[in-house]
**Q** 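The structure's right below; bear with me while I get my questions together.
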Amino acid sequence: MKHDKVMNIAKKRGFLWSSFEIYAGVAGFYDYGPLGAILKNSIINKWREYYVVREGFYEIESPTVMPEEALKASGHVDNFTDPMTECKECLEVYRADHIIEEVIDKEVEGLTNEELTAMIADEEIGCPKCGSQLSRVWNYNLMFQTLIGAKGKKTGYMRPETAQGIFIPFKRLLRFFRGKLPFGVVQIGKAYRNEISPRQGVIRLREFTQAEAEIFVDPRDKTHRKFHEIKDNTLKLYPAEIQMNEGEPIEVSAGEALSKKIVSSQMLVYQLYLASEFLDEIGIPDDVIRFRQHLPTEMAHYAIDCWDVEVKTEKYGWVEIIGIADRTDYDLKSHTEHSNEDLRVFLEYDEPKQIKKLAVKPNMSKFGPSFKGDAPKILKALEDIDAESVRQSIENEGLFKLEISGNSYELLPEHVNFEEVDETVRGEKIFPHVIEPSYGIDRIIFSVLSHTFTEDKENEREYFRLPWDIAPVEVSVFPLLNKEELVKIALQINDDLRLDGFIAEFDTSGTIGRRYARSDEIGVPFAVTVDHESLEDNMVTIRNRDTTEQKRIPISDISEVLDSLMNYWIEFEDL
RNA sequence: GCAUCUGUAGUCUAGUCUGGUUAGGACUUGGGCCUUCCAAGCCUACGACCCGGGUUCAAAUCCCGGCAGAUGCACCA
C-alpha cells in the first residue's frame, strides 16, 4: 500500500516518527525529524507568504497554557466535553446523551450530568450490549488540565485552539489596526486535545500545530476588496444540501458560488479560493481536494457557515485539513460578557445622522438631595437606558425603578424632565464578525507527502515530487567517482552552496546511481555532479529530480541557476 | 475505554507449537576495493528477541501484567 511506503520512508529518512519510541511511544504524539522539521518550516513560511505578506494580516504569539476563566468564556470548559457512562458489567463506555436520546427520542443537550444520570435511572436505560446497569455520568473534557503556580491553586488548560489567543487581546489588536475593519490576525502554534483514542497516525494528534487567521469584519459588509480578481476561478464545492440528497460535488466559479447563495459571503468564498491556491502551491493538486460544507447538525454552535477543505487520502478517505468558518460575533460577545471589557468596535457612518431623540434631563436640584452619594452612579446608568421606557414608566406608574449592583432606586417625576433633542450620531458600536480559516499543519504535511509521493515503476524509483521551493534538502552534490581530485571539487562546491544559503548535501557513499536514488527518495530537486571533464572545463552536470534529465553548467553559475530554478524564474529545460 | 490479533537490528524475515551452542539470513546503512552518470559486484563493520514479573538448572520460546500497533465497537469542537 502506498500509504505504508510513504510512512516507512518518512520514518526511515527522518521526516516523521512517533514520539517517545524507546519508552514504547504514546498514542497521538509525533516527532518531526531533521527533514520533517525543515519541511514543516517551509510550509509554514509559505503560509506566512500567503496570509501575512499577501493578505496583510499580522501574526501574534500567545501562551499555550491558558487560565480557566478564558476557556470558560470561550465555552471550552463546559462544552469541549462529552458526558460518558460505563456499563458496570461489560465495562463498555458510551456517550450518555446519545444513549438516552436513542431511547426517549428527545434532545437532551445542555442537561447536567446529574440530570442525565437521573434520566438513565428513571427510564431504566441499560447497557445496549448486555443490558446491565450503567454507571453515573461523568464529563470527559478533551482539554489537558494543569495547575498554574507553586501552590497550584489556579487551574489552567493547554489551549485547544490558537484562535482564543487572538480574541482575548482584541482591544489591543483593534488599537494596533487603528480601529478600522476589516483586519486580520494570525497565529501559528501548538494546540492540544486529549483525544480518547487517537489512532490515525498523524491525522489525529493530541498535540498538533495550527495556523489560524481570524479576520474581523463588519457584519453588514462581508465583501472582499479583491473579490473581482478571483471570481472566475472554479472551486469543487460539496454543499450541505447536495450531501443530504447524496449528490456529487459540483464545480462552480467563485462568483457563482456567491450569486447562487451556495456560500454565504464574498469573504468566505475568497478564503476558500485562497486555501486552494495555497494547497496547489505546496503540491496538493486541485483534483484531490474538495470543499465540504458542514451540515446544519454538525455546525458548531457559534458558526453560521462552515466549509471543510478535505483532501482525498488512500488510507483514511476524505480528511479535513482546513476549516473555514464564519464564527460570527460569538467569541467576542462571550469574552465581553465574561471579562466586562467592551470588545465592540465603533463604526463611523459615512454621513453623521441627525436624529430626534427623547432625552432624560435630570433635575439636579432634586436629584442630588434625594440620592446623595449614589447620584453619579444613577446618572451614569440612566445614560444607557432608553428614555422612552423611563417616560412611560413614570407616566403610567408614577415612578421608575432601576437597580444598580444590587441596590434599588426609585425615580419620581420630580427627579427628571424629558426633552426632544437633536442629536448627531456619528456611528455605532458593534461586535465584528469573524471569518476564520484554520489550517491543520500536521495533516497538511501528511497530505503533501502522500500526494507528492511518486512511484516510477519503469525506472524503479520512488520519490517525493515536492515543489522545488519546499523540499527540505535543496541540492545534492556528488563526485561522479570517489576519486580525490573530484571529491575535492565537489566538497568545495558543497561548502560554497552552503555559504550561499542553500541546504546542500554531499555524498560519496556507493555508486552514483545509488546516490541519485537516495537523493530522489527525500525529494531533493537537483543534483550537481562533478566528473573528470569538470577538471578541464570547470563545468558540472545538474540533474532534474523529476525527469532525471541533465544539463551542463559552469561551476561559477551554480548558485545563480539554483536560485532562478527555486523561484520558478526559469525552467530547467531552458538551461 | 472494550474485544480480537500481532510485537526478533533501520526494513523484511528464520527460530516460538516441542524451552537447551555464540539468535541465522536478505536488504539498508558506515568504511574500503572496483567503477567515466542512475540502487551492479567484491571485502569489511555496526546493528535485534517491546517492557516488567513469574515458572524452570535453563525463557525469544511457557504463564501473568503492562505498553504499542492493526482491525472491529465506541468516541471524534
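Keep in mind that the numbers below use all heavy atoms, side chains included, and drop hydrogens, waters and symmetry copies. What you see is a predicted model; the values in this text were computed from it and never measured.
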**Q** Applying ring-ring contact (aromatic ring centres under 6.0 Å, His included) to A:F446 and A:H3, what does each step give before you reach the verdict?
**A** CA-CA 10 Å; A:F446 169 78; A:H3 168 88; 5.7 Å; yes
**Q** Rounding to the closest angstrom, what is the interatomic distance between B:U29 and B:U71 at atom P?
**A** 30 Å
**Q** Verify the contact: side-chain N or O of A:S509 to OP1 or OP2 of B:G31, cut-off strictly under 4.0 Å; return yes or no.
**A**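 Answer yes for this pair, as a side-chain N or O of A:S509 is under 4.0 Å from OP1 or OP2.
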**Q** By nearest nucleotide on RNA chain B, pick out whichever of A:Y316 and A:H294 is the more 5' one.
**A** A:Y316
**Q** Given atom CD of A:Q200 and atom P of B:G72, what is their separation to the nearest angstrom?
**A** 10 Å
**Q** For A:Y51 together with A:Y439, are the ring centres under 6.0 Å from each other?
**A** yes
**Q** Among B:A39, B:C75, B:C37, which nucleotide has an atom closest to any side-chain atom of A:R204?
**A** B:C75
**Q** Please confirm whether the shortest side-chain N or O distance from A:T548 to OP1 or OP2 of B:C38 is below 4.0 Å.
**A** no
**Q** Would you mind classifying the nucleic acid contact of A:E460 as base, sugar-phosphate or nothing, using non-hydrogen atoms under 4.0 angstrom?
**A** base
**Q** Between B:C37 and A:R543, counting only base atoms on the nucleotide and side-chain atoms on the residue, is there a donor-acceptor pair under 3.5 Å?
**A** no
**Q** So what does A:D520 touch, heavy atoms closer than 4.0 Å: a base, only the sugar-phosphate, or nothing?
**A**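 No contact.
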**Q** Could you state the CG-C1' distance from A:L481 to B:C34, rounded to the nearest angstrom?
**A**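 The answer, rounded to whole Å, is 10 Å.
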**Q** Examine B:A77: is either OP1 or OP2 under 4.0 Å from a nitrogen or oxygen in the side chain of A:R327? Give yes or no.
**A** no
**Q** Relative to the 5' end of RNA chain B, which residue comes earlier, A:K11 or A:D507, by the nucleotide with the nearest heavy atom?
**A**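 Looking at the nearest nucleotide for each, A:K11 comes out on the 5' side.
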**Q** Which of these nucleotides, B:U71, B:A40, B:G31, is closest to any side-chain atom of A:K315?
**A**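 The answer is B:U71.
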**Q** Looking for any heavy atom pair under 4.0 Å, which part of the strands does A:R461 touch: base, sugar-phosphate only, or nothing?
**A** nothing
**Q** Over 60° means perpendicular and under 30° means parallel, so tell me whether A:H335 and A:F167 are parallel, tilted or perpendicular.
**A** tilted
**Q** What's the gap between B:U8 and B:G47 when it is taken at their C1' atoms, as a whole Å value?
**A** 13 Å
**Q** Between A:R543 and A:D520, does at least one N-O distance fall below 4.0 Å, as a salt bridge requires?
**A**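 Answer for the salt bridge query: yes.
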**Q** Which part of the nucleic acid does A:Q550 contact within heavy-atom distance under 4.0 Å: base, sugar-phosphate only, or nothing?
**A**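 Result for A:Q550 = base.
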**Q** Taking only side-chain nitrogens and oxygens of A:R514, does any of them come within less than 4.0 Å of OP1 or OP2 of B:C37?
**A**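 It does not, given that no N or O in the side chain of A:R514 lies less than 4.0 Å from OP1 or OP2 of B:C37.
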**Q** So that I can tick it off, tell me whether A:E310 and A:R292 are bridged by a salt bridge, with the cut-off set at under 4.0 angstrom between side-chain N and carboxylate O.
**A**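 Salt bridge: yes.
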**Q** For B:G30, does either OP1 or OP2 sit under 4.0 Å from a side-chain N or O belonging to A:R518?
**A** yes
**Q** Determine the Euclidean distance between corresponding P atoms of B:U55 and B:G10; express it in Å to zero decimal places.
**A**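 It works out to 32 Å between them.
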